[in-house]
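Within every chain, numbering begins at 1; the chains are lettered A, B, ... in the order of the sequence lines, protein sequences first and strands thereafter. Worth saying up front: this structure is predicted, and the values here are computed from it rather than measured.
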There are 2 protein chains.
Amino acid sequence: MPLTGHPIVTRLTRVMGLKAAEIESLAAIFERDLSVKKREELIVHGSEFRSLCFVKAGYAIRYRLLRSGKRQILKLILPGDVVGLPVSFFDRSGYAVVAVSELTYAVCPFASYVRLCYEQPKFGLVLSWLAAEEAATYAEHIVNLGRRTPIERLAQLLLDTHARLLAVGLAGEASFNLPFSQEIMADALGLSVPHLNRVMQQLRAEHLVTSNARLIDLTDLAGLRRLAQYQSTDLAPIPVF
Amino acid sequence: MPLTGHPIVTRLTRVMGLKAAEIESLAAIFERDLSVKKREELIVHGSEFRSLCFVKAGYAIRYRLLRSGKRQILKLILPGDVVGLPVSFFDRSGYAVVAVSELTYAVCPFASYVRLCYEQPKFGLVLSWLAAEEAATYAEHIVNLGRRTPIERLAQLLLDTHARLLAVGLAGEASFNLPFSQEIMADALGLSVPHLNRVMQQLRAEHLVTSNARLIDLTDLAGLRRLAQYQSTDLAPIPVF
DNA sequence: CGAAATTTTGATCCAGTTCAATCCATGTGG
DNA sequence: CCACATGGATTGAACTGGATCAAAATTTCG
């Protein structure tokens with residue numbers, strides 16, 4: 001399974017240079033690409049899941065459904081993201097993942113990856129880095145939900161999504177095609193759909209963004225950043241010995 | 001620096017059996033124990049931080065201060081926890097950590113740990129596991145803040161804190177000494193102090209907990225778990241090859 | 001013992017939810 | 001190519017859960 005041009009290679013390379021030989025040993029443990037249709041579940045809540053899935057194209061959400069019927073979305077999953085982290089470390093998944101568009105990804109069994117870590121320690125560190133990045137994203141989300149106003153939250157979400165899409169070449173300098181419905185954004189930000197809608201209008205009214213349908217234009221990027229108190233968190237490169 | 005009886009050894013052993021030799025190579029990279037006084041900052045927001053600190057005794061909080069003056073607490077840090085994860089992976093810390101009681105811990109330079117990972121790949125996996133656990137804790141926190149009612153959040157916080165204290169031998173079967181003020185709990189749960197106080201009273205009124213001062217008694221553990229929809233998330237053991 | 005920190009209570013108010021209804025775009029089959 | 005179905009976006013009105021602000025009561029600590 002060749003990995004050339006795969007968003008995940010782009011992503012890993014940014015963190016730690018990978019030699020051709022290393023990319024090859026990574027490619028060796030991958031199975032054939034899979035794809036799922038919109039609305040299909042990649043991970044079922046409560047089930048066991050022991051694979052790493054590197055998203056190539058398409059979008060998904062990781063979420064938890066509560067008894068009350070409410071849904072909290074933990075993460076918007078974009079190309080380049082890893083599904084199955086941190087789930088693979090646990091007995092059973094505490095969350096579900098569902099595709100919100102057609103989605104294709106490369107899979108490798110978690111056990112194979114772990115074996116690779118024993119052979120080439122670098123990969124163990126890469127895994128740590130990915131997990132740490134995941135944790136940092138979640139941390140930002142906590143701040144958002146706990147102590148930010150709705151408009152700040154939305155600004156943050158738009159900026160973050162834009163930055164992540166940009167990093168894998170799926171966005172323009174200040175515009176992008178938002179692949180998520182308002183219901184999804186509301187469930188990510190802990191708001192009701194009507195309110196999210198009004199907050200979106202507010203952003204437009206203040207000339208911070210322009211949007212027609214799902215096409216978002218970050219008209220005033222600096223203003224948005226100020227509003228969201230946006231701070232980019234750069235991963236430090238992995239030391240090599 | 002001998003690590004015998006250190007809470008972190010207890011914690012790591014649960015995830016992955018460590019041979020005596022391995023504990024020793026771990027002990028070798030640790031410096032002398034440090035301690036800080038109440039209110040002292042372990043990590044300053046925006047600074048660089050490249051160490052792993054394993055808490056031996058005492059309590060701390062990881063938090064973010066916003067322009068508005070509001071504070072969001074990301075994590076209540078207890079003995080056995082690691083400070084400097086995921087911070088060490090990043091250029092600069094996005095968060096601050098401050099002790100809320102006298103606190104003692106063992107430190108090792110992050111670079112030393114990384115070097116150890118290259119020599120003994122197992123430690124790279126251990127690091128991944130710790131980071132994944134961190135991410136999972138944060139995920140639960142997100143659900144709490146986004147879609148749970150205040151009383152559910154508090155129930156969850158009490159159960160979680162109890163479970164974590166129990167794991168390091170600092171709690172009774174259904175009672176413990178809560179080392180955090182209501183202000184801290186409020187800032188963790190995204191509530192105002194007066195409201196947190198009232199929610200606490202509500203828990204008492206419904207005979208779910210009894211509490212005098214900081215001593216908490218989980219009178220009706222099953223009821224609390226039901227209320228919080230508590231589900232324990234067990235880490236799977238690291239495969240050994 | 002006095003100062004500071006923490007917990008508790010009360011009164012007011014508004015942001016955001018809830019529950020509908022409506023509007024709009026897109027796609028589908030006859 | 002139209003009639004209809006479906007999912008998403010938008011709007012409106014009413015209600016309410018928590019925030020806010022302020023003060024008092026209580027505990028902790030120097």
For residues 184-204 of chain B, which residues have at least one heavy atom under 4.0 Å from DNA chain D?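 Within this stretch, B:G190, B:L191, B:S192, B:P194, B:H195, B:R198 sit under 4.0 Å of the strand.
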
What are the two closest heavy atoms between [X] and [Y], and how far apart are they?
| X | Y | value |
| --- | --- | --- |
| A:L170 | A:Y59 | CD1-OH, 3.9 Å |
| B:R64 | A:V143 | NH1-CG2, 3.8 Å |
| B:G58 | B:P79 | O-CD, 3.4 Å |

Can a salt bridge be assigned to the pair B:R147 and B:E152 using a cut-off of 4.0 Å between side-chain N and carboxylate O?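 No salt bridge links B:R147 with B:E152.
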
Is it the case that A:S47 and A:S93 place a side-chain donor and acceptor less than 3.5 Å from each other? no

Any donor-acceptor pair under 3.5 Å linking the side-chain atoms of B:Q201 with those of B:N197?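 Indeed, the side chains of B:N197 and B:Q201 share at least one donor-acceptor pair under 3.5 Å.
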
Nt span of DNA chain D in reach of chain A heavy atoms at under 4.0 Å, 5' end first, is D:dG8 to D:dA13

By the 4.0 Å heavy-atom rule, please label B:R214 as base, sugar-phosphate, or nothing.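 Sugar-phosphate, backbone atoms only, no base.
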
Select base, sugar-phosphate, or nothing to describe what A:K38 touches, counting heavy atoms under 4.0 Å on all strands. nothing

Give me the ring orientation class for B:F110 and B:F89: parallel if the planes are under 30° apart, tilted from 30 to 60°, perpendicular past 60°.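 Perpendicular: the ring planes of B:F110 and B:F89 meet at over 60°.
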
Can any side-chain N or O of A:H141 pair as donor or acceptor with the backbone N or O of B:A139 at less than 3.5 Å? no

